[in-house]
Amino acid sequence: MTAKLDYRWHLRELMATRGMFSTTDLGPLLVERGIQLSASQIYRLVVEKPERLSLKTLMALLDILDCTMDELIEPVAAAGATRSRKAAGSGASGRASGGGGVGSFRPKRARIVPDSSS
């Protein structure tokens, strides 16, 4: 029996390691390389695993992030159907709580303290 393959998409993590914490950071860089995507398309490209991707877009991402294809796309064995349903159900809450693998690359939260000199 042939093993079923899947992949992990590391765009969000690679952007974070390069100081790009917003999907809007990617738009102008793609345009410089001749790739025209809407804001929603860029958002989906960053936060979701793409099923179809133009090779020109892929090459632009590799150039922007100065990375290899192995760093951006990690081949893995496919998970079972039960596992993928479970992950899909918890995906939104994982993103909201800081999931997605960017963890320590997130910027520090600013603290506003009252002025004690008044």
Side-chain angles (χ1 to χ4, degrees):
M1 188 167 160
T2 306
K4 293 188 178 183
L5 296 177
D6 200 4
Y7 61 96
R8 288 194 186 108
W9 182 243
H10 295 289
L11 178 58
R12 189 174 189 182
E13 292 87 352
L14 288 170
M15 285 177 62
T17 61
R18 281 129 177 102
M20 293 189 282
F21 297 102
S22 175
T23 59
T24 56
D25 295 340
L26 202 53
L29 299 172
L30 287 168
V31 169
E32 285 176 12
R33 289 157 179 85
I35 307 297
Q36 299 288 330
L37 297 176
S38 69
S40 64
Q41 288 172 318
I42 294 171
Y43 176 82
R44 288 194 310 267
L45 184 65
V46 173
V47 301
E48 298 174 5
K49 182 172 74 169
E51 294 297 321
R52 293 179 299 278
L53 181 65
S54 110
L55 289 177
K56 288 183 179 184
T57 303
L58 177 60
M59 292 298 110
L61 290 171
L62 295 177
D63 181 49
I64 291 166
L65 299 169
D66 191 30
C67 67
T68 64
M69 199 168 338
D70 290 337
E71 293 172 306
L72 183 59
I73 305 168
E74 176 189 358
V76 294
T82 308
R83 179 176 240 177
S84 64
R85 279 190 212 122
K86 188 175 187 180
S90 63
S93 62
R95 279 190 210 112
S97 64
V102 293
S104 63
F105 301 118
R106 290 199 177 273
K108 299 269 188 229
R109 175 167 277 191
R111 289 190 177 177
I112 301 173
V113 293
D115 185 20
S116 60
S117 63
S118 304

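Reckoned from all heavy atoms, side chains included, excluding hydrogens, waters and symmetry mates. None of these values were measured; they are calculated from a predicted model.
Contact of the L26 side chain with the L37 side chain is not registered, since no non-hydrogen atoms from C-beta on lie closer than 4.5 Å. No side-chain heavy atom of I64 sits less than 4.5 Å from a side-chain heavy atom of E32. Proximity of R44 to Q41: side-chain heavy atoms (C-beta onward) are separated by under 4.5 Å at one or more points.
Placement of L62 and V31 in two distinct hydrophobic clusters is found when ILVMFWY residues are connected by side-chain heavy-atom separations under 4.5 Å, directly or transitively. Linking Ile, Leu, Val, Met, Phe, Trp and Tyr residues whenever their side-chain heavy atoms come within less than 4.5 Å places L55 and I73 in a single cluster.
The neighbour count for R8 CZ, taken as heavy atoms of other residues, nucleotides or ligands under 6.0 Å away, does not exceed 12. In K56, the NZ atom is not crowded: 12 or fewer heavy atoms of neighbouring residues, nucleotides or ligands sit closer than 6.0 Å. More than 12 heavy atoms of other shown residues, nucleotides or ligands fall within 6.0 angstrom of atom CE in M59.
Closest of all the heavy-atom pairs between L30 and A60 is CD2-CB, 4.0 Å. Nearest heavy atoms, W9 versus E48: CD1-O, 3.4 Å. Nearest heavy atoms, L29 versus D25: CD1-O, 3.6 Å. The two atoms that bring T23 and I42 nearest to each other are O-CG2, 3.4 Å, heavy atoms only.
Although no hydrogens or angles enter the test, the distance criterion places a donor-acceptor pair under 3.5 Å between the side chain of R18 and the main chain of L65.
Once rounded to the nearest 0.5 Å, the distance linking CE of M20 with CZ of R12 reads 13.5 Å. Note that the CD1 atom of I35 and the OG1 atom of T57 stand 4.0 Å from one another [nearest 0.5 Å]. We find the CG-CD distance between L11 and E71 to be 12.5 Å, quoted to the nearest 0.5 Å.
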Review point. What do the steps show when you test L14 against L61 for side-chain contact (heavy atoms from CB on, under 4.5 Å), and what is the final call?
Key: CA-CA 10 Å; L14 288 170; L61 290 171; over 6 Å; no
